[in-house]
Structure formats: C-alpha cells, structure tokens
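Basis for what follows: all heavy atoms, side chains included, without hydrogens, waters or symmetry-related copies. Note that the numbering runs from 1 along the sequence shown for the chain.
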Amino acid sequence: MYTDTMHSQASADEMTKKLIEQATEAMGRAYAPYSHFQVGAALLTKDGKIYLGCNIENAGYTPTNCAERTAFFKAVSEGEREFEAICIIGGKNGVASGVTAPCGVCRQVMREFCNPSTFRIILPDGADSYQEFLLEELFPLGFGPENLLD
C-alpha cells in the first residue's frame, strides 16, 4: 500500500508539473494589448484531458474574457462536464510573477461545474514552486446549482 501511495503522489506531482507547463504555454497565446498582463490556464478533466485558455482583452474592457473561463468554455463546448483541477499562471508582458488567483467571476464559473471540496486550483508562484487550494477555500459559501433545486 505504501508503494501505491508513493506512486500515486509521483503521478500527481507529474500531472501538476504538466499543468504548470501547459498553463505557461497558454500564457504565451494571451491577447493583452491594454494591460499587458498575460494569463494562461490549463484545465484538467476527470478523464485526463487538458484544455488550455488564455485571457483575451477587448478595447471595451467588459467583453474581456479571463484565461480560466476561456478554458472552461472550450471544454464545456466539447461536452466536458467533470473537472479535477486547473492551473493558472500570469504576469506582465508574459513573464510569470507571483500568484495569479482567479477573479470572482471565474470562481463562480468553477463553482458551476466543479465540486468545491475536491476541485484543485494550482497557482505557481515561481519557477519551481506553487500553492494549491481547493475551490471551497477560495470561494466559501459559493452559490451553486444545488441552490436552485426545489
């Protein structure tokens, strides 16, 4: 059993590393001509698929879309409904700097599709380090689909 736990942890660490790499790649695709703050996201489905997203700014500001929502909307539009984790990385002019936490709107979108007690949010804070949170830690008492049930 000890070996399985170690193997499982090694697999989780490898997946986290892959998500960080993929989110960094997605950050390079961002369209951020106004803020110059580029964000990339890598969204992991329950069956192991990864969907990438980047922020897409707009001169009207309001139509701007965050990297996290871009990744979720791509995945949902392809029929995905079960998610395990998301990695988010960002920084000025495409240079990752510090933690880039999801905004409130993105947290609400995550809440729509994810179990708050199991969905992991990975936030790199350096080349070799990251912080990890559960959705319920970043969005306590979130409003979800079950709030609308009869």
Side-chain angles (χ1 to χ4, degrees), residues 4-58 61-145:
D4 291 340
T5 302
M6 286 184 58
H7 182 267
S8 179
Q9 183 59 44
S11 296
D13 291 344
E14 289 173 21
M15 180 53 75
T16 297
K17 182 178 177 183
K18 183 174 182 176
L19 289 172
I20 292 170
E21 290 170 357
Q22 294 285 302
T24 301
E25 179 184 319
M27 180 175 62
R29 299 178 187 165
Y31 177 75
Y34 309 107
S35 73
H36 305 287
F37 194 88
Q38 295 174 265
V39 181
L43 176 63
L44 178 65
T45 67
K46 290 276 187 186
D47 63 359
K49 293 180 191 168
I50 298 174
Y51 288 85
L52 303 183
C54 63
N55 58 319
I56 304 167
E57 292 184 348
N58 188 286
Y61 293 114
T62 302
T64 293
N65 203 50
C66 297
E68 303 91 303
R69 283 182 282 143
T70 299
F72 266 96
F73 296 162
K74 284 171 63 175
V76 170
S77 73
E78 295 296 323
E80 301 290 348
R81 296 293 188 276
E82 295 184 0
F83 304 98
E84 186 173 316
I86 191 167
C87 177
I88 308 156
I89 190 167
K92 277 284 205 183
N93 299 311
V95 178
S97 58
V99 169
T100 301
C103 74
V105 174
C106 289
R107 294 175 199 205
Q108 182 63 52
V109 169
M110 291 175 198
R111 181 64 181 84
E112 181 69 22
F113 295 102
C114 305
N115 180 330
S117 65
T118 61
F119 185 72
R120 298 178 302 121
I121 300 169
I122 301 161
L123 306 173
D125 57 6
D128 297 318
S129 62
Y130 62 91
Q131 297 178 44
E132 186 173 310
F133 301 90
L134 293 174
L135 178 56
E136 68 185 2
E137 293 175 295
L138 296 184
F139 199 52
L141 302 174
F143 188 85

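- Remark: Lys92 NZ is packed, more than 12 non-hydrogen atoms of other residues, nucleotides or ligands lying under 6.0 Å away.
- No donor-acceptor pair closer than 3.5 Å links the side chain of Arg120 to the backbone N or O of Ile86.
- Here the two rings, on Phe72 and Phe83, have centers that are under 6.0 Å apart.
- Checking side-chain atoms of Thr100 against main-chain N and O of Ile89 turns up no donor-acceptor pair under 3.5 Å.
- Looking at heavy atoms from C-beta onward, Leu123 lies in side-chain contact with Pro102 at the 4.5 angstrom threshold.
- With rounding to the nearest 0.5 angstrom, the CD atom of Glu136 is 12.5 Å from the SG atom of Cys114.
- The closest donor-acceptor contact from the side chain of Gln108 to the backbone of Phe143 lies under 3.5 Å.
- With sequence neighbours excluded, the residues that form a side-chain contact (heavy atoms from CB on, under 4.5 Å) with Glu21 are Lys17.
- Side-chain atoms of Gln131 do not come within 3.5 Å of backbone N or O of Val99 as any donor-acceptor pair.
- Between Gln38 and Cys54 the shortest side-chain heavy-atom distance does not fall below 4.5 Å.
- To the nearest 0.5 Å, the span separating CZ on Arg29 from OG1 on Thr70 amounts to 12.0 Å.
- Counting heavy atoms from C-beta outward, Met15 and Ile50 have side chains that approach closer than 4.5 Å.
- Between Ala71 and Ala41, the closest heavy-atom pair is CB-CB, 4.4 Å.
- In this structure, the side-chain hydrogen bond (donor to acceptor under 3.5 Å, both in side chains) partners of Thr45, at least two apart in sequence or on a different chain, are Asp47.
- When side chains are defined from C-beta on, Arg81 counts as touching Val76, because their heavy atoms get closer than 4.5 Å.
- The CD atom of Glu82 sits 11.5 Å away from atom NZ of Lys49, with the distance rounded to the nearest 0.5 Å.
- Met27 and Gly94 get closest at one heavy-atom pair: CE-O, 3.3 Å.
- Between Tyr31 atom OH and Asn55 atom CG the span is 11.5 Å, to the nearest 0.5 Å.
- Proximity of Val109 to Glu68: side-chain heavy atoms (C-beta onward) are nowhere separated by under 4.5 Å.
- A distance of 7.5 Å separates CG of Asn65 from SG of Cys106, quoted to the nearest 0.5 Å.
- Closest heavy-atom contact between Leu19 and Ala42: O-CB, 3.5 Å.
- A perpendicular orientation is assigned to the rings of Tyr34 and Tyr61, their planes being inclined by more than 60° (bins at 30° and 60°).
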- prompt: Between Tyr51 and Glu80, is a side chain to side chain contact (heavy atoms under 4.5 Å, CB included) present by the stated rule, with each step listed?
  reply: CA-CA 10 Å; Tyr51 288 85; Glu80 301 290 348; 3.2 Å; yes

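- For the pair Cys66/Thr64, no side-chain contact is recorded, criterion being any heavy-atom separation below 4.5 Å from C-beta on.
- Residue Ala101 comes nearest to Arg107 through the heavy atom pair CB-NH2, 3.7 Å, listed as atom of the first residue, atom of the second, then distance.
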- prompt: Can you check side chain to side chain contact (heavy atoms under 4.5 Å, CB included) on Met110 and Leu138, steps first, answer last?
  reply: CA-CA 11 Å; Met110 291 175 198; Leu138 296 184; over 6 Å; no

